[in-house]
Amino acid sequence: MPTSPQTLSFWTKTATAAAVLTLAAATAATAAPAPAPPAAPSAVVTLRYDDSRAAGWESAIAAGVANWNATVRNVRLVEAAPGTRAEIQIVATTGWPQATLGPVRPGGSARVELGSQAVTQGHDKTRIAAHELGHSLGLPDTKPGPCTQLMSGSSAGITCKNAVPNTTERSRVDSLYANGAAALTPMTGRVLVDAP
């Protein structure tokens, strides 16, 4: 039976459509999966400090802050602009150094007292400042302890000048601030005094 031009055209279009569908299905089956989007980096928590009432301690505070900022990833200490609110108030006193135990949250409040009594006894100012800031970041004292532990404080003796947190201390702070401010537990408000 002879085939009409219309029937031939119908079969040609049908065969072409089937070939296109087969090719599309084969391509979809062998195509590489789309790459997963990159993981979002952890949000860095920024905490402001005010040292306007810590006359005579400015360079020690700057060095202590620099030591923390250079060694932790998830939190950053910045000096508050004049007239703005700071989470960490740093003041100079005549007693023993002390600080509120954190971790302080953005918008929260912690106090660091840099006591001259420790300096009179021979303790290093930069170590004192870095140690007390460590309390605000959530680290308790590790007394007695060696000089290699920043949080051993005065128990390391007056010859100790180390003002840099060790690996364990850095890891603990990074862990406390790992998921941004939302993950931080409220502070207890406990004050830790660094007297011998």
Side-chain angles (χ1 to χ4, degrees), residues 45-80 82 85-106 108-177 184 187-196:
V45 175
T46 300
L47 299 174
R48 295 172 304 255
Y49 67 90
D50 175 4
D51 64 354
S52 62
R53 294 183 296 152
W57 287 84
E58 295 87 352
S59 62
I61 294 166
V65 165
N67 289 347
W68 278 109
N69 286 343
T71 57
V72 294
R73 298 181 315 269
N74 297 330
V75 63
R76 185 141 199 87
L77 300 170
V78 297
E79 188 170 4
R85 187 182 183 290
E87 287 85 8
I88 303 171
Q89 296 292 323
I90 305 174
V91 298
T93 67
T94 58
W96 281 97
Q98 57 187 285
T100 311
L101 180 60
V104 65
R105 297 175 182 226
S109 179
R111 182 177 170 92
V112 168
E113 295 185 10
L114 301 176
S116 62
Q117 191 167 352
V119 177
T120 301
Q121 298 245 337
H123 293 281
D124 182 70
K125 281 178 124 178
T126 301
R127 180 172 167 83
I128 294 168
H131 173 91
E132 299 307 327
L133 287 168
H135 287 319
S136 296
L137 296 175
L139 298 180
D141 286 313
T142 54
K143 296 179 184 180
C147 185
T148 55
Q149 292 177 344
L150 175 60
M151 300 314 292
S152 66
S154 61
S155 73
I158 61 172
T159 60
C160 179
K161 309 292 184 212
N162 173 42
V164 178
N166 67 21
T167 303
T168 302
E169 293 163 334
R170 294 190 302 260
S171 295
R172 179 67 182 138
V173 168
D174 272 332
S175 174
L176 288 169
Y177 289 91
L184 295 176
M187 293 170 41
T188 63
R190 226 172 70 191
V191 175
L192 303 177
V193 179
D194 196 39

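Just so you know, these numbers use all the heavy atoms, side chains as well, and skip hydrogens, waters and symmetry mates.
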Show your working on side-chain contact (heavy atoms from CB on, under 4.5 Å) between L133 and I90 and close with a plain yes or no. CA-CA 9 Å; L133 287 168; I90 305 174; 4.1 Å; yes

On a heavy-atom basis, which atom in K143 and which in S154 lie closest, and how many Å separate them? NZ-OG, 3.8 Å

Which pair of heavy atoms, one from L114 and one from A129, lies closest together, and at what distance? CD2-CA, 3.9 Å

With rounding to the nearest 0.5 Å, note down the distance linking CD in E169 to CG in D174. 12.5 Å

When H131 is tested against each of N162, L150, T126, V112 for side chain to side chain contact (heavy atoms under 4.5 Å, CB included), which residue passes? L150

Below 4.5 Å, heavy atoms only, C-beta onward: do R172 and L176 meet side chain to side chain? yes

First locate atom CD of Q89, then atom OG1 of T100, and finally report the distance between them rounded to the nearest 0.5 Å. 10.5 Å

Does atom CZ (R85) have a neighbourhood of more than 12 heavy atoms from anything else shown, all under 6.0 Å? yes

Find out whether M151 and P140 are in side-chain contact, i.e. whether some heavy atom of one side chain is under 4.5 Å from a heavy atom of the other. no

Can you confirm whether S152 sits close enough to R127 that some side-chain heavy atom of one is under 4.5 Å from a side-chain heavy atom of the other? yes

Is the shortest heavy-atom distance from the side chain of Y49 to the side chain of E87 under 4.5 Å? no

Can you list the residues that meet the side-chain hydrogen bond (donor to acceptor under 3.5 Å, both in side chains) rule with T148, with sequence neighbours excluded? none

Find the distance between CG (N69) and CG (L77) and round it off to the nearest 0.5 Å. 5.0 Å

Identify the two heavy atoms, one from A80 and one from R48, that lie closest to each other, and give their separation to 0.1 Å. CB-CB, 3.9 Å

Just how far is it from atom CG of L139 to atom CD of Q149, taken to the nearest 0.5 Å? 11.0 Å

Do any side-chain atoms of residues 53-68 form donor-acceptor pairs under 3.5 angstrom with protein atoms, and if so which ones, sequence neighbours left out?
unit_1, atom_1, unit_2, atom_2, d
E58, OE1, G56, N, 2.9
N67, ND2, A163, O, 2.8
W68, NE1, A130, O, 3.0

Separation of I128 CD1 from Q98 CD (nearest 0.5 Å): 12.5 Å

Closest heavy-atom pair, P103 versus Y177, reported as atoms and distance to 0.1 Å, is CB-OH, 3.3 Å

To the nearest 0.5 Å, tell me how far N74 CG sits from R76 CZ. 12.0 Å

Close side-chain approach of P106 and L47, heavy atoms under 4.5 Å: yes

Closest non-hydrogen contact found for P97 with E132 is CB-OE2, 3.3 Å

